[in-house]
Undergrad: 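One structure, as C-alpha cells, below. Some questions next.
Just so you know, ligand 1 is whichever comes first in the structure, and atom 1 is the first atom listed for that ligand.
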Amino acid sequence: MKIEDILAQERRARMAAERLLAQKQAELTNANRVLSKHALTLSDEIMETRVAVEEIKGENSQVRADLERANKEVVIAKRRLWDSLETIEDGFAVFDQNDKMIAANSAYLEPFDGLSCVTPGIPYTDILHIATDEGIVDIGDMRPLAWRDMMLDRWRAPSCDPVVLRLWDGTHIKLVDRRSRDGDMVSLGLNITETIKYQAELSDARHRAEAANRAKSAFLANMSHEIRTPMNGVVSMAEIMADGDLDDEQRLFVNTIRQSGEALLTIINDVLDYSKIEAAKMTLQPEPFDLERVILDVVTLLQPAAQEKGIQLILDFDLFMPSKFLGDVVRIRQILTNLIGNAVKFTSEGHVLVRAIGLPLGECDEQKVHITVEDSGIGIPEDMQSHIFGEFNQVDTERNRKFEGTGLGLAITSQLVELMRGEIWVESQEDVGSCFGFHITLPVEETVEPPKLPQNPGTVVLAMEDRLNRAILEKRLEATGLRTALFDPLNTDAALVRDAYLILVDEQCSAKARNRGDQCLIQTFRSQNPTAPIYFLTAPHSTAAKQSQDAALATRVLQMPLIRSTVFEIINQVGTHSSNKSADMLEAGSDAPLLLSKADRSGFRKMRILAAEDNKTNQLVFTKLLKELDMDLRFANNGIEAVEAFLDFQPDIIFMDISMPEMDGKEATRRIRTLEQDQGMDKTRVVALTAHALTGDDREILAHGLDQHLTKPLKKPEILHEILANCPDDARCPLPGNCC
Ligand code: ADP
C-alpha cells in the first residue's frame, strides 16, 4: 500500500479517534453535569436526613430516660409490693400453671423452717409431701397419702374452698387459694390462731354463761319453791283465821297478812316468769281453748276487787266470734290478768270495759283476735306511755306511787304478745283513763252457730239504768236482727210493754222504781204483759238482788256479764211467749250442780281421801279446809308412804305434793300407775298440789300420770270440786248433811 494511503488511513483513523474523544468528552461533561446535579440533590437530602436524625436522636434519649424512670418505678413498686407482702403476717405465694412456685413471702415459708428446697420453682405436690413427711401439718387421724390427695383434689377443683390447717405448734392457718385468669394460682395462708382462740374462749364463755343461767333459773325455781311453801302456809292460815270469829281489828290484821302474802306470791311469780322469758326458755304451748271462758274467768276473778272499789267491770264479747281457738291459753290468761288487773288497780271510780272482737282473715281458718281493756282510771302521761312496757318501769308520780307492783307485768305481757307475733299498744290521757289493746292471730278450732230468729221477731224492751251494759246488750241484740226499745218510766207508752216479746230489767232500774215509791217494776210489767218472759239482770254476786221480790217474780235471774250462750238463749226466747216463773238462777261462769244423784246416801261408806304432803303446816291447812266434810282423810309424809297408803287405804282420790323427801310425787304416781296396771285396778284420780309457779311445770307434772294440777295456796273450792266430782257410787256425799 502506498504511504499516502496509509497516511490518509491514519489521518482518518486519527480523526475518527478525535471525534470519538470529543463525543466521549461531551458525554463525560454531560454525565458530570448530571452527577453534580444529583450530588446537589443528595447533599440536600443528607442535610434533611441529618436534621431528622438529630430530631430522632432527641426523641430517643427522651424515651430512654422515660424507660429508665419507668424501670426505676417498677423496681420501687416491686420492692414496695414485696416489702408489704413480707410485712403482713399472713402467708402469700404464687404458683404457675404447672403448679410450680413462682414466689412466696417469708410468712408462707416460715412453717418450713428454712428448708432450702422450699423455694421458687418447687412444685406444689412437693410442698404437700414435705408438709406430711416433716410433720409440719397436724393431719389428725388421716393417713398422709389421703391427706395429700384431699389437698390436691381441692387444689384442682374448679372452685377451691378455703381449708383450715392446724400446724404442729397449734397455729391455725386458713388456706385461701384462687386461680387467676392466666392459670396462675394465688395462695393465701391466713393465720387465724387468735380468732380460733377467741372463738374457743367465746364458746367457753357462752357455755359458762348458759350454765350460770341454768343455775340461776334452777336457783330461782328452788328459791321460789322454798319461799312459796312457807308463804302458802301463811296465806292459807290467814284465810282460815279470817273465817273464824274475829273482831274488826283482828280481821284487819288477818286480811293484811293474807293480802301481803298474796302480793308477795304474785311478785315471785312475775320475777320467775320474767327470768324465764329472759333465758329464752318460754315456749308457747298451743291447745284448743274457749276465749270467752278465759276472759270471763279473769273477769270473775277480778270482780270482787272491782266491786270493793265500786267500779263496774264489764265484758263486751263479739257474739259471732268462734267458740274455740288454738293458742297458749295459760299465756293468754296471763296477758288478760295483767291488763285487766292493772285497769282495776289504777281505777278508783267508773268502769273497766273489756272488749273482744274477732276479724276473719280472708279465706284462711284464722282470725285476728283484738282485745282492748278500757278504764276510767288515773291515766298515763304521754311521755311515759312507751316507758311502762320496759322491765321494772312504772310511772313515777305521786299518785302512782301509792299502788303496789313490780313494774314487770307489762314487760312480761308485751314480750308474750311479741312471742305470739302480735302487737300491744296503749292510748291514754291523764285523769281520763287508759285503753290497753293487743291483737294476736289465732287458728280457729270451732265456730258458733248464732240462733235463728223467727220471721217477725218483735221488740225486746230494755228497762236498764246501767248505761254501759245496756249499750252493749242493745248492740249485741240488734246485731242478731232484733229490735230493741228502751223503757223510760216517765215517757214509755204502755203499748210498748204490752206488745213486747221479751223484757229485760236490771237491778238499778228496779231499785230506782222502788226508790220512787212505785210498785215492784217486774210486777207492773207482768200485769201489763202476762205472757212475755221477763229477765231480771243482777250485778255479779248481788245476793240482795237475787233475794228481792223482783227476782221472785221474774222468769229468770241472770247475772251480769251475760255470756254468749245466755244471750243466745235470750234470743231464742223471743217469739216463744212462754212464761216460766221458776226464777231459776243462771250464774255467769258457774258449772252445773255437781253430783245431784249422790244426795242422801247416808247408808253408804265414807269417801277415802289420801293427801301426800310432807309439810306439817300444809297438812294442817288441808285438815282445816276440809274439816266439815264427812270423809276419811289420811296423810302420807312422803312418796313411799303414799304408795303404801294407796295399797292398804284404797283412796278414792289422792292429793299429791310433788316435792317430798325420799320419793317425790311424780315417782310415787308412776309406781301407783304401775301397780294399778299390774293388778288390773281402776285408775285412781291423782291431783298434784305444788308450789311450783313456773308455767309449763304443770304439763311436765301431768306427763308422769297425774290427772290434774293445782297450785298452792290451797283453795277450798278447787279441792272441794275435785272431791265431789270424784265421789264414787258406793260412797256417800261428804258434804255436811249429805246434801250434794
Ligand atoms: P305494775 O303494775 O306491777 O307496776 P306493770 O308493768 O303492769 O307493773 O305496769 C307498769 C306501770 O304502768 C304501772 O306501775 C303504772 O304506772 C302504769 N300502768 C299500767 N296500767 C295502767 C293503767 N291501766 N292505768 C294507769 N297506769 C297504768
Undergrad: Heavy-atom pairs closer than 4.0 Å: do any link ligand 1 to the side chain of N338, the backbone, both, or neither?
TA: side chain

Undergrad: Compute whether any side-chain donor of one residue and acceptor of the other, for E478 and T484, lie under 3.5 angstrom apart.
TA: yes

Undergrad: If the condition is side chain to side chain contact (heavy atoms under 4.5 Å, CB included), which residues does D664 pass it with, not counting sequence neighbours?
TA: K666, E667

Undergrad: Of the listed options (N342, L339, I412), which comes nearest to atom 7 (O) of ligand 1 when hydrogens are ignored and any heavy atom counts?
TA: N342

Undergrad: With heavy atoms under 4.0 Å as the rule, classify the contact between L410 and ligand 1 as side chain, backbone, both or neither.
TA: both

Undergrad: In ligand 1, which numbered atoms sit nearer than 4.0 Å to a non-hydrogen atom of G409?
TA: 5 (P), 6 (O), 7 (O), 8 (O)

Undergrad: At what distance, to the nearest 0.5 angstrom, does CG of D328 lie from CZ of F289?
TA: 9.0 Å

Undergrad: With a cutoff of 4.0 Å, is S434 in contact with ligand 1, counting heavy atoms of the residue only?
TA: yes

Undergrad: Nearest non-hydrogen contact with atom 12 (O) of ligand 1 belongs to which option: I388, V344, T347?
TA: I388

Undergrad: Check K345 against ligand 1 and report side chain, backbone, both or neither, counting heavy atoms closer than 4.0 Å.
TA: side chain

Undergrad: Go through the steps for R470 and E465 under the test salt bridge (Lys or Arg N to Asp or Glu O under 4.0 Å), then give the verdict.
TA: CA-CA 7 Å; R470 186 177 73 197; E465 277 296 316; 5.4 Å; no

Undergrad: Apply the test side-chain contact (heavy atoms from CB on, under 4.5 Å) to residues L706 and V687: give CA-CA distance (whole Å), side-chain angles for both, the deciding distance (0.1 Å), then the verdict.
TA: CA-CA 6 Å; L706 292 110; V687 179; over 6 Å; no

Undergrad: L336 pairs by side chain to side chain contact (heavy atoms under 4.5 Å, CB included) with which of V299, I371, T413, L301?
TA: I371

Undergrad: Got a list of side-chain donor-acceptor pairs under 3.5 Å for residues 311-320, not counting sequence neighbours?
TA:
unit_1	atom_1	unit_2	atom_2	d
Q312	NE2	D466	OD1	3.0
Q312	NE2	D466	OD2	2.5
D316	OD1	K475	NZ	3.4
D316	OD2	R355	NH1	2.7
D316	OD2	K475	NZ	2.5
D318	OD1	F320	N	3.0
D318	OD2	G358	N	3.2

Undergrad: With a 4.0 Å cut-off on heavy atoms, does F436 reach ligand 1?
TA: yes

Undergrad: Using a strict cut-off of 4.0 Å, indicate which atoms of ligand 1 neighbour a heavy atom of A343.
TA: 23 (N)

